[in-house]
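Here is the structure we will look at, set down as structure tokens.
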Amino acid sequence: GCGSGNNEPSASSEVSPSATSSDPAAEGSSAEPSPSPANADPVSIVAYAFPADKTEENATLDAKIKRFEAKNPNVTITPKYWKYENTEIAIKMASNSAQTEFTTWATEGKLLSSKKWIIDLTDHLANWPYAKDLNEFALAPYVIEGKTYGIPIDAYGMTITINKKLFEAKGVPLPPLDWTWDELIEAAKAVNDPAKGIAGFIPMGKGTEAGWNWTNFLYSAGGEVQTVADGKVTAAFNSEAGLQALQFYKDLKDANVIPKNWALGYGDALTLFNQGRGAMVMCGSGNALDGAINQGGINKDDVLLYPIPSVTKGGKHVGVAGGNYKVINGLATKEQQKAAFDFVVDEYFTDAYLDSIDAQITSQKAKNQVYVPQLINYWNDSSEYGKKYEEILAKHDNVYQYSPELSKLMESKPEATYETQAYYGEMANAIQKVFTSKGDLDLQKILDDTAAKLQKGSFDKVKIE
Ligand SMILES: OC[C@H]1O[C@H](O[C@H]2O[C@H](CO)[C@@H](O)[C@H](O)[C@H]2O)[C@H](O)[C@@H](O)[C@@H]1O
């Protein structure tokens, strides 16, 4: 998640069977489906690994592979690192070099399924007893025309994380939780201290994450990324709401409350926040807070979570909802696809997995760390499994508690689903124009030009079946 300093989920922040930091799942797994018979034909698959420096995550994956191979002796799994990028997937598929199972975002289901780069999992899910317990909100982006193409790992709603210490240091009162855009800018100006290298607000300003961050303000103003009608995807972000949201970014820039070197990617923005060099940052659920406490060493009482502000007082606090998903490579053989599906869900809904979370929280306690749960899990909270998970969290005093007020205020609106990463990337260029230029700018023209480019280059090429 955000806390790990790159886009990979960290063992401490991801509530996923694929990346827990401890290993009690070795015994007692009640995993379905049943192991392959010993005399089944050999199958080799490639699993989605982490970058080499993510030693803990890779060790967790290796242990999971070992457990799976022990139960399925005909299957050999090789971990391989390649991080999903929308700009690289076509070449990975053309060269057939993507992993047999890989992790991607909520935005990618329609693209990947329409190109047949990932498989329809409906039949696999029909034979899996836990399919009914998957969280429907999380699953939704991968249910396309009644078929399911991905398994949720986790899902998030966007929040803004505040460094309370920096507010206290300057004697600035904290904004109210039901804050507005104006209150955000006012707070940012008050806490801003460029001479000390402290920014009031850290928007991500580089790569797709720049567009992703900005979309929260587009949504907050009531805007849409795109409309879909008569088999055509049309850009909709160059609207009144889009203009308001881009004006807001210009106001941030003009108020000089963003970092001097604002071209920050996901990990860069979080690192700056963790170092106390920015008072506010935008991220999914508690991901930034997790990183600030567990990597940045900021005291848990000194970081606070806010919803995306509303445009006017009493208005809605709408932010982006997204998540991480497991998908299965459409170029693999049927046998590899089955083995990859079995591997992906092997430890979903197992007691062993819950035990591993329990052990993880205990080990975090010993390190003075806090376990930050996801806001939205792959399971339904009301399921038996969800209840068991809650019971485990309740046993510990180092589990981060989302405030009920925050959950009440937050309204999370799913990411767009057609060429969304291309849109995020184009919006990054627009945002960079706003952040680099001095003086007046024709913001509507910037948005219209961006929309026209995206329309021609991406949206017009979408084929809706
Ligand atoms: O903290 C929330 C999630 O943030 C990442 O995913 C998102 O970031 C992308 C930009 O880099 C964006 O394009 C994507 O659509 C988002 O979902 C991160 O990869 C996730 O692990 C994390 O949960």
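From a predicted model like this one, the values you see are computed outputs, not experimental measurements. As the structure lists them, so they are numbered: ligands from 1, and atoms in each ligand from 1.
- Checked against a 3.5 angstrom limit, the closest N/O atoms of N324 and ligand 1 fall inside it.
- Interface of G284 with ligand 1, defined as ligand atoms under 4.0 Å from a residue heavy atom, comprises 1 (O), 2 (C).
- A donor atom on one side chain and an acceptor atom on the other are not found under 3.5 Å apart for S382 and N380.
- Considering backbone and side-chain N/O atoms, D154 never comes within less than 3.5 Å of an N/O atom of ligand 1.
- A cation-pi arrangement is present between K413 and Y219 under the rule of less than 6.0 angstrom and at most 45 degrees off the ring axis.
- One side chain, D358 or H396, offers a donor N or O that lies under 3.5 Å from an acceptor on the other.
- G322 does not count as a contact of ligand 1, since none of its heavy atoms falls under 4.0 Å from the ligand.
- In this structure, K64 is positioned above the aromatic face of F343, its NZ or CZ under 6.0 Å from the six-membered ring centre and within 45° of the axis.
- Between the side chains of E415 and Y424, at least one donor N or O lies within less than 3.5 Å of an accepting N or O.
- Taking every non-hydrogen atom of C283 and a distance limit under 4.0 Å, the qualifying atoms of ligand 1 come out as 1 (O).
- Checked options D133, L134, D342; the residue passing with W128 is L134 (criterion: side chain to side chain contact (heavy atoms under 4.5 Å, CB included)).
- Across Y424, Y266, Y325, Y156, heavy-atom proximity to atom 4 (O) of ligand 1 is greatest for Y266.
- Under a 4.0 Å criterion applied to the non-hydrogen atoms of N287, ligand 1 contributes the atoms 1 (O), 2 (C), 22 (C), 23 (O).
- If you look at T420 next to ligand 1, there are no close heavy atoms at all, none under 4.0 Å.
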